[in-house]
Number of protein chains: 2
Amino acid sequence: MPVRVTADDVAKAAGVSRAMVSRAFTPGASVAVRKREHVLRVAQALGYRPNLIARGLTGQRTGLVAVVAGEISRPYEAWLLEHIVRVLSANGYQPLLLPAFRDANMTEMIDHALAYQVEGAIVAAGSVSRDIADRCQASGAPLVLIGRVLEKNGADAVCCDNIKGMWQLVERLVKQGRRRIAWLGGTADTFSDQERRQGVEEALAHYGLSLQVQRRGDFSLSSGVSEGLALLDSRLALDAIMCANDAMALGVVEAAAQRGIKVPDDVAITGFDDVPGAAWGRCPLTTVRNPVNETALEALRLLETRVHNPTCDNQVIRVGVTLVPRSSA
Amino acid sequence: MPVRVTADDVAKAAGVSRAMVSRAFTPGASVAVRKREHVLRVAQALGYRPNLIARGLTGQRTGLVAVVAGEISRPYEAWLLEHIVRVLSANGYQPLLLPAFRDANMTEMIDHALAYQVEGAIVAAGSVSRDIADRCQASGAPLVLIGRVLEKNGADAVCCDNIKGMWQLVERLVKQGRRRIAWLGGTADTFSDQERRQGVEEALAHYGLSLQVQRRGDFSLSSGVSEGLALLDSRLALDAIMCANDAMALGVVEAAAQRGIKVPDDVAITGFDDVPGAAWGRCPLTTVRNPVNETALEALRLLETRVHNPTCDNQVIRVGVTLVPRSSA
DNA sequence: CTGAAAGCGCTTACAG
DNA sequence: CTGAAAGCGCTTACAG
């Protein structure tokens, strides 16, 4: 039978009150230095650690932050998650990981996390409704979105500059003389898909061009292969294929190889995100860097800002992107 | 100011005692069916959900399970993590994610998780000492290791059959007539590196062969490239390079391409794990499938088994692997 | 600086 | 089946 040593045990052993033990473990509390040292020493000897669940009940901080992540096995989600978790841990928070699978009920998930008295929620997957934002607000837990924004001042968000990223890519392609450009979009109704396509169309229009054709994958590499094949076989004489993310671009590179089509000579291929794998493989990807570390830092900053000032207006932080020119375009 | 509605509020509104509302939310409790429905309805209307932190304090289940994961942005760790998290969530547990970076202090991390009264810990990264197992035991939280085992009955573990996997790969190479085989190991002192190398050496010895050369990377793709280049440039006339995991094998494939060396004609390359990306790219990898889903399921099973019987002997579950023959060997 | 007391929100014997 | 009471382990006013 495991014996849990409590503050009372330490108090008894150290010859002080239970409150004293609590104070010894509370950084700012007013305790005599020598006494604190003594209590801490006794606690150490007994193997005592404050029960964070009990502390959380007191209305104090629980230190818990809910993190809603998508399919973790995908490069971008994994990469982003790593940074979020790292930043949270480094700042004394414990990430409660909520996996958002396609059939996941976001409302149910958030409610569950809220029941754990999380101090906030960072949502980097799925679609967030007004309803969810309201629930979080009602519980006093700040909600921060990553890579998606809610209309009408619903929640704080941090999102990269999708539009500008696509402009930079289009600019490069146009300068290379590319004119017959195709678009391979990602999952429908996702914020990234919409903004990125919008960026492409705007930029093309600026040059008096428009897309030759559009197809849609699901952000996965394999969908990039199949849609890439379809595009390449379409006999549209495309000279560039722009993809909504790196994974699909990598798939299109694969498709081109299967058809014996040279990249970038015959067709240029562009991605988005600059995930760790983008520089490797058959053809290093020309893409746009999505600054995930900065994103994670900003997300935490927004979270903490709102804790201190729950009623200020919602902010949408746009983090900058940078063109990463490599071989594929 | 967010208002937290408590069981008392519901009790008052429903005209019952607080104990009654607690029972209404406790599946097996004896309550009049009609009354439970009524309480639940009132609770719903008020937006009440039991505070899980308070419930956890009662000595009840917290539902929390610590999950120690490695560098999440690496394919294998991400893939495994996804399955662990999925299995945990599907069974009513909340994963508390602890990131194990190279400089992470595992003992400190586990202690912290224990302070949250986790019901168990699944460790899939870093090296685990006896000390950590003892701490978990003292707290009554079962510890389950994945992909590593502790000597002398220290903790439950689930691990794939590294030895057999490597035998299968060696067998295939030998049948192809390969004789000049190199080994590219992973991070020193890791369980996977040791067992996999051992498997290779045993199997080669069985055929009267031995390794031509050994080098060591760090399980990353980029280390596969650099070590692969070194191996390929060594003029040892190698006809096969066996790698301790897929990421490094993918790097070696890349190195071969850079040198204009044909795979598998000039040199065969093998991996381990069969991560999602192994089938893609320049040269689909011949590898061994590490059954992560089964691994995650077994890990949870071990966890729950020990909760019910804390004192039974430790078990090490070996999950089976299967050869996945593709183009690279 | 320190201790006794009250309370965080829940669950679980204990009676009935 | 149901309620009043005690208690989970901690922190925080409240006195001193």
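First the proteins, then the strands, lettered A, B, ... as listed; each starts at 1. Values in this document were obtained by computation on a predicted structure and should not be read as measured data.
Using a 4.0 Å heavy-atom criterion, one finds that B/Ser30 contacts the bases of the nucleic acid, with or without backbone contacts as well. B/Phe25 comes within 4.0 angstrom of no nucleic acid atom, judged by non-hydrogen atoms across all strands. In this structure, B/Ala7 reaches the sugar-phosphate backbone alone: every heavy-atom distance under 4.0 Å involves primed, P, OP1 or OP2 atoms, never a base.
A straight line from CZ of B/Arg23 to C1' of C/dG9 spans 16 Å, rounded to a whole angstrom. Summarising the geometry, the separation between CG on B/Leu114 and P on D/dG9 is reported as 15 Å, rounded to the nearest angstrom. Distance, B/Tyr48 OH to C/dG9 C1': 7 Å, rounded to whole Å. If you measure from atom NE2 of B/His38 to atom P of D/dC1, you get 18 Å, rounded to the nearest angstrom. Atom CZ of A/Arg4 and atom P of D/dC10 are 10 Å apart (whole Å). Atom CE in B/Met20 sits about 16 Å away from atom C1' in D/dA5, given to the nearest Å. With rounding to whole Å, A/Asn51 atom CG is found 14 Å from D/dG7 atom C1'. Separating the CG atom of B/Leu52 from the C1' atom of D/dC8 is a distance of 15 Å, rounded to the nearest angstrom.
The B/Ala19 side chain lies nearest to D/dA4 when the options are D/dA4, C/dG9, C/dT2. Considering only the side chain of B/Lys35, D/dT2 comes nearest among D/dT2, C/dC8, C/dG9.
Counting heavy atoms from C-beta on, the side chains of A/Leu98 and A/Val67 never come closer than 4.5 Å. Looking only at side-chain heavy atoms (C-beta outward), B/Pro142 and B/Pro310 stay at 4.5 Å or farther from each other.
The base of C/dT11 sits with one of its N or O atoms less than 3.5 Å from a complementary donor or acceptor on the side chain of B/Arg18.
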**Request:** Determine, stepwise, if the pair A/Tyr116 / B/Tyr116 fulfils ring-ring contact (aromatic ring centres under 6.0 Å, His included).
**Result:** CA-CA 11 Å; A/Tyr116 275 103; B/Tyr116 275 103; over 10 Å; no
**Request:** Test side chain to side chain donor-acceptor pair (under 3.5 Å) on B/His112 and A/Gln94 and set out the steps.
**Result:** CA-CA 9 Å; B/His112 194 222; A/Gln94 270 305 318; 3.0 Å; yes
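The environment of B/Asp189 atom CG is sparse: at most 12 non-hydrogen atoms of other residues, nucleotides or ligands sit within 6.0 angstrom.
Taking for each of B/Leu57 and B/Val31 the nucleotide of DNA chain D with the nearest heavy atom, the 5'-most of the two is the partner of B/Val31.
Look at A/Thr58 and you won't find any side-chain N or O under 4.0 angstrom from OP1 or OP2 of D/dC10. A close approach under 4.0 Å does occur between a side-chain nitrogen or oxygen of B/Ser22 and OP1 or OP2 of C/dT11.
In this structure, C/dG3 forms a base pair with D/dC14, meeting either the Watson-Crick or the G-U wobble geometry with both donor-acceptor distances under 3.5 Å.
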